[in-house]
Amino acid sequence: MTNQAVADLIARSNRLGSDPKNTNYAGGNTSAKGAGTDPVTGEPVELLWVKGSGGDLGTLTEAGLAVLRLDRLRDLVRVYPGVERDDEMVAAFDHCLFGLGGPDGGRGAAPSIDTAMHGLVDAAHVDHLHPDSGIAIATAADGEDLTKRIFGDRVVWVPWRRPGFRLGLDIAEIKANSPRAVGCVLGGHGITAWGDTAEESERNSLWIIDTAAAYLAEHGDPEPFGAVVPGYEPLPEAERRARAAALAPAIRGLASHDKPQVGHFTDVEAVLDFLSREKLRPLAALGTSCPDHFLRTKVKPLVLDLPASATVEEGIARLKELHERYRADYRAYYDAYATEDSPAIRGADPAIVLVPGVGMFSFGKDKRTARVAGEFYVNAINVMRGAEAVSTYAPISDEEKFRIEYWALEEAKLRRMPKPGTHATRVALVTGAASGIGKAVATRLAAEGACVVVADLDLEKARAVAAGLGGADVAIGVRANVTDAAQVRAAIDEAVLAFGGLDLVVNNAGLSLSKPLLSTTEADWDLQHDVMAKGSFLVSKAAARVLVEQGLGGDIVYISSKNSVFAGPNNIAYSAAKADQAHQVRLLAAELGEHGVRVNGVNPDGVVRGSGIFASGWGADRAKTYGIAEEDLGAFYAGRTILKREVLPEHVANAVYVLTGPELRHTTGLHVPVDAGVAAAFLR
């Protein structure tokens with residue numbers, strides 16, 4: 001980074017974007033103007049660096065900037081065809097790019113719809129942000145009067161206008177005609193501020209945000225959402241989260257009616273308080289206002305209209321009724337405002353579901369999208385609270401929301417998104433996943449787009465594996481002793497609270513003791529059967545409840561063994577437990593098929609390297625049985641196979657990927673050998 005204007009812009013953006021009071025995730029944009037050098041002529045050229053489409057201020061880097069020639073951008077004013085053809089100007093921005101737009105003329109981010117706002121305003125630095133306090137003023141029924149009362153002539157009110165070239169011209173005119181002004185409140189939307197330096201622009205932005213917040217705190221009604229409704233108070237935390245886990249699968253199933261979704265659960269104080277108040281339903285029905293909000297939350301949430309005392313069964317039954325109504329209302333909204341040029345309806349399911357006494361469920365195409373949708377609705381709650389505290393909340397109209405939601409430019413942005421992985425939207429729980437085969441399976445599924453719950457006896461190792469897969473938006477680590485039904489249920493509850501539900505379970509937890517019949521104790525027998533036979537049963541049973549309630553189908557995979565069909569020496573307890581697992585596959589495939597749940601197995605053999613079982617003494621025992629050194633065991637197993645190849649944990653993970661991927665959706669009850677070819681273990 002050689003340009004000081006760019007360095008200052010990145011630093012300012014990161015500071016502003018890292019504080020949620022200033023703007024929401026990926027919300028708003030910032031810019032700087034400065035000098036560059038034309039690589040063709042060697043002459044100086046004035047440039048605009050502006051956050052590109054879809055970027056996040058808090059994590060913005062130089063690669064996330066669009067870079068444009070300022071003279072060409074401002075020349076667009078002469079050819080601007082009018083507000084009716086505003087969208088055409090976004091394509092025109094491409095003709096203003098400096099080189100390909102990126103750092104040093106390299107490929108950069110695509111210019112956003114707000115580029116005109118930054119380029120046309122006569123200030124070296126411009127910030128456009130979506131702070132809760134600012135949007136509260138912007139969505140108040142008397143927002144214009146409030147703006148004058150709070151800021152005087154230092155901040156100017158701009159009536160709602162869809163983002164675009166015309167809005168940029170409006171703000172440029174305000175800057176030119178209001179010498180004392182440091183920014184604007186954009187009706188229904190957010191704020192814009194400017195300055196001659198990066199420091200001045202940031203200072204002005206923060207002054208607007210903090211001044212608005214101070215006014216709301218000093219002059220606002222302390223209970224803007226009305227009184228608490230008896231019966232709608234938050235449940236105690238443990239009861240609340242248990243209720244959320246019980247409701248989550250059914251709610252995810254409803255939210256995934258049109259296409260599968262990943263979920264997120266939130267029970268922060270701001271949400272629980274809103275859900276307990278008398279204005280909950282009328283305010284929720286008005287929907288959100290800021291475009292960044294409703295693009296992620298949909299125009300309005302689905303609200304359960306039952307008290308916290310309602311049973312889980314009553315709640316689910318009512319949610320199903322309300323879901324049908326919600327879908328009909330959304331379809332009516334689409335039909336009311338769609339034109340022949342509008343993109344097709346993207347789905348009529350809610351992105352936000354509010355359950356009084358419990359919390360908020362939010363949904364999206366992946367965990368981050370679902371989490372961010374929930375964060376945006378918390379922002380919307382804060383906005384409604386502020387607006388109601390000093391005025392009346394008055395969001396933009398549904399017609400204007402539709403124009404944003406089904407904007408051709410928004411559709412183009414969606415089409416630019418990378419193609420999702422084969423396991424995108426799928427939530428997988430893998431037992432014994434802190435090492436060996438389980439870790440390899442978890443790693444492969446995460447790489448293919450799945451959200452993964454890494455379950456293991458060793459919680460710290462499970463969390464370490466999850467962190468290595470990409471953090472909480474990709475994977476979580478949980479403790480699970482699969483022999484304990486309560487721990488199994490708790491692990492699955494954690495899964496549904498983290499990701500909304502469950503789609504794929506891999507029964508991998510296991511251990512082995514290599515002993516001949518006369519040396520095998522009852523304790524040896526019980527331990528191996530408890531972990532593998534009983535453990536798989538407990539996990540499958542708890543998971544099946546979720547899979548059936550969701551109604552989305554799913555997969556259960558058993559990591560069994562070649563020993564489930566092969567009679568080897570000195571191995572009775574282990575092999576019998578594996579044979580039990582193998583038959584569970586057949587039994588559950590037959591039973592769960594009517595719910596769209598596929599049950600399959602993988603039969604590995606000789607997985608020595610990276611295996612937790614072999615490292616715990618099993619390898620030494622097997623080597624002794626075969627009369628070889630332990631370090632030669634992998635080669636020994638490979639040498640006795642048809643293919644003469646050693647089997648690694650990743651090879652087992654490959655089989656799980658194929659069995660649970662799109663290619664074998666019509667396959668259930670199958671056992672796939674991953675043993676490099678052991679003729680004695682061929683399935684018959």
Side-chain angles (χ1 to χ4, degrees), residues 25 241 244-245 247-253 255-256 259-266 296 349 351 353 360-375 417-434 438-456 459 462-480 488 490-508 539 542-543 546-547 549-557 597 653 656-657 659-662:
Y25 175 82
R241 295 186 73 80
L247 290 170
I251 293 176
R252 184 185 181 218
S256 301
K259 55 187 175 183
Q261 300 283 288
V262 175
H264 177 73
F265 174 69
T266 307
R296 292 165 173 83
D349 298 320
V353 178
M360 170 175 63
F361 298 84
S362 53
F363 297 91
K365 65 183 178 63
D366 53 35
K367 169 66 176 185
R368 188 181 73 170
T369 306
R371 174 179 55 78
V372 169
E375 292 172 359
M417 299 240 175
K419 183 179 179 181
T422 56
H423 286 60
T425 75
R426 307 204 74 194
V427 180
L429 182 143
V430 185
T431 65
K439 180 179 178 181
V441 170
T443 301
R444 180 64 191 271
L445 294 177
E448 301 297 339
C451 298
V452 180
V453 180
V454 179
D456 201 274
L459 177 58
R463 287 175 171 170
V465 170
L469 295 180
D473 281 346
V474 175
I476 62 168
V478 302
R479 186 179 192 278
V488 169
I492 288 180
D493 282 353
E494 287 191 66
V496 300
L497 289 178
F499 300 116
L502 194 60
D503 302 290
L504 194 165
V505 174
V506 181
N507 280 310
N508 170 73
V539 171
V546 175
L547 298 176
E549 185 63 58
Q550 281 180 160
L552 302 175
D555 285 280
I556 300 175
V557 178
V597 178
V656 174
Y657 158 70
L659 283 169
T660 59

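The structure displayed is predicted, hence computed values, not measured ones.
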_Rounded distance [0.5 Å steps], NZ in Lys439 versus CG in Asp456_ = 11.0 Å

_Restricting to non-hydrogen atoms, name the atom on Leu469 and the atom on Val474 that form the minimum distance, rounded to 0.1 Å._
O-CG1, 3.4 Å

*Identify the heavy atoms of Asp473 and Cys451 that sit nearest to each other, and give their distance.*
O-SG, 4.3 Å

_Approximate separation, where rounding is to 0.5 Å, of Met360 CE and Glu375 CD_ = 9.0 Å

*Pick out which of Asp503, Asp366, Asp555 makes a salt bridge (charged side-chain N to carboxylate O under 4.0 Å, His left out) with Arg426.*
Asp555

_Neighbour count above 12 (heavy atom, 6.0 Å) for Arg479 CZ_ = yes

Please tabulate, for side-chain N and O atoms in residues 490-499, each donor-acceptor pair with protein atoms closer than 3.5 Å (sequence neighbours left out).
none

*Closest heavy-atom contact between Gly364 and Ala370?*
N-CB, 3.6 Å

_Gap separating the CD atom of Gln261 from the CG atom of Asp349, nearest 0.5 angstrom_ = 7.5 Å

*What distance separates Ile251 CD1 from Glu549 CD, expressed to the nearest 0.5 Å?*
10.0 Å

*Identify the residue among Ile556, Val430, Val557, Leu429 that makes a side-chain contact (heavy atoms from CB on, under 4.5 Å) with Asn507.*
Ile556

*Considering non-hydrogen atoms only, spot the tightest contact between Gly263 and Phe363 and give its length.*
CA-CD2, 3.6 Å

*Closest non-hydrogen atom pair between Ala434 and Val465, with its separation*: O-CG2, 3.7 Å

*Looking only at atom types and distance, does a side-chain atom of Thr431 sit under 3.5 Å from a main-chain N or O of Asn508, one as donor and one as acceptor?*
yes

*Spacing of CZ belonging to Arg252 relative to CD belonging to Gln550, to within rounding of 0.5 Å*: 4.5 Å

*Please name the pair of heavy atoms, one in Val427 and one in Gly501, separated by the smallest distance, quoted to 0.1 Å.*
CG1-O, 3.3 Å

